[in-house]
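Side-chain atoms are counted along with the backbone in the values below, which use heavy atoms only and exclude waters and symmetry mates.
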Amino acid sequence: MISMKNYFSFSLKLVLLLAVLLVGQFVKAQNRQVSQWPRGVTYEIFVQSFADSNGDGKGDIKGMTAKLDYLKDLGVEAVWLMPISPSPSYHKYDVTDYYGIHPDYGTVQDFQEFTREAHKRNIKVVVDLVINHSSSKHPWFLEAARNMDSPYREYYVWTHKSDPQTQKEGRPTGADSDNTRHWHPLEGSDYLYYGYFYGGMPDLNFDSPKLRDEIFKIGRFWLTQMGVDGFRLDAARHIFPDERPQDNHRWWEYFRSEMQKVKSDVYLVGEVWAPADVVAPYLKGLPALFNFEMGWTIAGALNAGRGDSIAIKHARITNYYSKINPQFIDATILSNHDQNRILSTLNNDVAKAKLAAALLLTLPGSPYLYYGEEIGMTGKKPDERIREPFLWDAPGKDKHRATWIKPKFSTDATVAPLAAQKKDKNSMFHNYKTLISLRNKNKALTYGSLVPVNLENKALSAFVRVYEGESLLVIHNLSGVATSIPKTPEMAGFGQVYFKDKGAGVYKTAVQIPAFGTIILKK
């Protein structure tokens, strides 16, 4: 028979055990990741500058494989790799073999191992597919240029030098090229070939059924043999000339349907450098498109110290897109390999750059992070200078830093390496990691709709994110001074602090937000 003393002792232990289990379940629920790619964060990598595994000065595939745990810890759910195929240029956007790996980067087997290891960590792999043009050194073009009767002649666009359209300059369209001379001479020939970007990148002829079949074959190869999850589609607006936009739109619908035959959930994200009204028609074939307009808007707002129109513009764009494709994926960015790095755009103001990350990761969209943004790398054009090597550790300790180019912007004197930033809770790295984690663990921030809120203060960007009954009020202060705002009717019910920067707080009649700070309130 159990004594009362033993009974109470047993009961107390049982209560304590249940309490521990409940606390454990609560903590587990709080830490559970709810985002699922393609709605998660994607990390863009220029392989040559990311991680060097063999000491030859150039980043490579094995180096990337060694850093997958870092990306997983950061909260990344996918990587987008700039071109990795053989090419005569350092950037590799002029391909000479669509089925190969550039020898500087490794082998086909190295890449297959990379995709396997990435998938083990639930990291998807997206590769740049450059099919608007090939290299002028591609065997197809060399044969087509040498022999007018070659079957590869129809893979490119030709006209006689007397054609009136070749006598005038073209015009650049979008922000992806300033080239105005689109027709290029061929030595010893009366014919010219079309190259939108420059003579070293002759455009492929998508009026050719044979060329289209070749492109489908390339796509199937990467999805089946190389194990990738999708493609970033370079120069998606320029498959056909600008006067044939509807042909561009139809092509991508055609391409998507062919790729879905191989992989039903294939991910396609397109590069269309243009305002929303030009971008929108591509959404039927390319369900994910980069939102360049919002990237420009965020940077401009931070430099002007005015945030009141950010959410309004974002809502206008996304509402417009959803009418064309309700399932569209808004690929949001701050910068990429073709733009000045965000910290440089913000005049090296670290506080503004941290807030730029907060805006990116609390607004709707599926964010893209350009390698090095998370450690505050800087860089301004020319292009080589926005693609400088990642800084992993201090000089003498850094076993993976690429050295193919001597950095001008992201040097040891200007950027603390990752190893040092990991030890500094106030670093850019911890800012990004905290915000990514915040987003990944919250459905409203990952999937929620956007409702702009007017707080009658031009420096503030305020909006509500709503999903499945959860509502978060997000307020960012884009000014360089702390701001106290009175509670308004729009803020009623948002009494719980979900996230705040140091110095932010909720008081009886007001909300305090520090300079370039953020506070998130929950109902």
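- Identified under the salt bridge (Lys or Arg N to Asp or Glu O under 4.0 Å) test for residues 192-204, with sequence neighbours left out: none.
- The distance between the ring centers of H133 and F197 falls below 6.0 angstrom.
- Annotation for R116 and E113: closest pair NH2-OE1, 2.8 Å, computed over non-hydrogen atoms.
- Contact of the I61 side chain with the H102 side chain is not registered, since no non-hydrogen atoms from C-beta on lie closer than 4.5 Å.
- Residues F206 and W252 place their aromatic rings such that the two centres sit no closer than 6.0 Å.
- Between E253 and R256, none of the side-chain N atoms (NZ, or NE/NH1/NH2) sits under 4.0 Å from a carboxylate O, so this pair counts as no salt bridge.
- Aromatic ring orientation, Y368 versus F290: perpendicular (interplanar angle above 60°, classes split at 30° and 60°).
- Here D190 pairs with H160, K161 under the side chain to side chain contact (heavy atoms under 4.5 Å, CB included) rule; sequence neighbours left out.
- Contact check for I436 versus N440: side-chain heavy atoms found under the 4.5 Å cut-off.
- For the 3.5 Å distance criterion, the side chains of S257 and K261 fail to qualify, holding no donor opposite an acceptor.
- Residues passing the salt bridge (charged side-chain N to carboxylate O under 4.0 Å, His left out) test with E44, sequence neighbours excluded: none.
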For residues 215-228, please give each side-chain donor-acceptor pair under 3.5 Å, one per line with the distance, not counting sequence neighbours.
{"residue": "W222", "atom": "NE1", "partner": "Y98", "partner atom": "O", "Å": "2.8"}
{"residue": "T224", "atom": "OG1", "partner": "R220", "partner atom": "O", "Å": "2.6"}

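- Ring geometry for W140 versus H138: interplanar angle of 30 to 60°, hence tilted.
- Legend: residues meeting side chain to side chain donor-acceptor pair (under 3.5 Å) with R250, ordered by chain and number and at least two apart, are D247.
- Donor-acceptor pairing under 3.5 Å is lacking for the side chains of K381 and Q339.
- Note on residues 69-86: pairs passing salt bridge (Lys or Arg N to Asp or Glu O under 4.0 Å), not counting sequence neighbours, are D69-R121, D73-K433.
- Residue pairs meeting the salt bridge (Lys or Arg N to Asp or Glu O under 4.0 Å) criterion with at least one member in residues 124-134, sequence neighbours excluded, are D128-R232.
- In terms of the ring-ring contact (aromatic ring centres under 6.0 Å, His included) criterion, residue partners of W392 (sequence neighbours excluded) are, by chain and number, F50, Y70, F390.
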Quiz item: Is there a ring pair (Phe, Tyr, Trp, His ring centres under 6.0 Å) between W251 and F240 once you walk through the steps?
Solution: CA-CA 9 Å; W251 157 253; F240 292 93; 7.6 Å; no
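- Between atom CD1 of residue I84 and atom CD1 of residue I101 there is a gap of 3.5 Å, rounded to the nearest 0.5 Å.
- Taking every heavy atom of both residues into account, P389 and W404 meet most closely at CG-NE1, 4.3 Å.
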Quiz item: F231 and V269: side chain to side chain contact (heavy atoms under 4.5 Å, CB included), yes or no, with the steps?
Solution: CA-CA 6 Å; F231 304 110; V269 58; over 6 Å; no
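- Between T166 and T159 there is a side-chain heavy-atom pair separated by less than 4.5 Å.
- Residues that satisfy the side chain to side chain donor-acceptor pair (under 3.5 Å) test with R385, not counting sequence neighbours, are E388.
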Self-check item: Worked check of side chain to side chain contact (heavy atoms under 4.5 Å, CB included) between M294 and K313
Solution: CA-CA 8 Å; M294 278 311 302; K313 185 163 190 174; 4.2 Å; yes
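- Using a 4.5 Å heavy-atom threshold, the side chains of H314 and L363 count as touching.
- In this structure, the side chains of F46 and L81 stay at 4.5 Å or more apart for every pair of heavy atoms.
- Applying the side chain to side chain donor-acceptor pair (under 3.5 Å) criterion to S135, with sequence neighbours excluded, gives no partner residue.
- Between S461 and L359, the closest heavy-atom pair is OG-CD2, 4.0 Å.
- In this structure, a donor-acceptor pair under 3.5 Å is absent between the side chains of E293 and N291.
- For the residue pair R387 and Y371, the shortest heavy atom distance occurs at C-OH, 2.9 Å.
- Remark: I386 CD1 to S335 OG distance equals 8.0 Å, nearest 0.5 Å.
- Atom OG in S87 sits 9.0 Å away from atom OH in Y105 (nearest 0.5 Å).
- Looking only at side-chain heavy atoms (C-beta outward), S366 and P38 stay at 4.5 Å or farther from each other.
- When every heavy atom of L204 is checked against every heavy atom of I131, the shortest pair comes out as CD1-O, 3.3 Å.
- Using the six-membered ring where Trp is involved, H337 and Y93 have ring planes that are parallel, under 30° apart on the 30 and 60° scheme.
- With respect to E143 and R146, a salt bridge is recorded, a charged nitrogen being found less than 4.0 Å from a carboxylate O.
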Self-check item: Residues V79, T42; criterion side chain to side chain contact (heavy atoms under 4.5 Å, CB included); working and verdict
Solution: CA-CA 5 Å; V79 291; T42 302; 5.7 Å; no
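- Of all heavy-atom pairs spanning A299 and T345, the tightest one is CB-CG2, 3.9 Å.
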Practice problem: Evaluate the side chain to side chain contact (heavy atoms under 4.5 Å, CB included) criterion for residues L472 and V464: first the C-alpha distance (whole Å), next the side-chain angles of each, then the deciding distance (0.1 Å), finally the verdict. | Solution: CA-CA 5 Å; L472 297 178; V464 174; over 6 Å; no
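- A tilted orientation is assigned to the rings of F114 and F111, their planes being inclined by 30° to 60°.
- Taking the side chain as every heavy atom from C-beta outward, W80 and I45 never approach each other to under 4.5 Å.
- Side-chain contact between K58 and D52: absent, with no pair of heavy atoms (C-beta onward) separated by less than 4.5 Å.
- For K62, the NZ atom sits in a loose shell: 12 or fewer heavy atoms of surrounding residues, nucleotides or ligands are nearer than 6.0 Å.
- Y156 pairs by the side chain to side chain donor-acceptor pair (under 3.5 Å) definition with S134, not counting sequence neighbours.
- Under the rule for a ring-ring contact (aromatic ring centres under 6.0 Å, His included), the partners of H249 that lie at least two apart in sequence or sit in another chain are Y282.
- Ring centroids of Y193 and W183 are separated by 6.0 Å or more, keeping the two rings apart.
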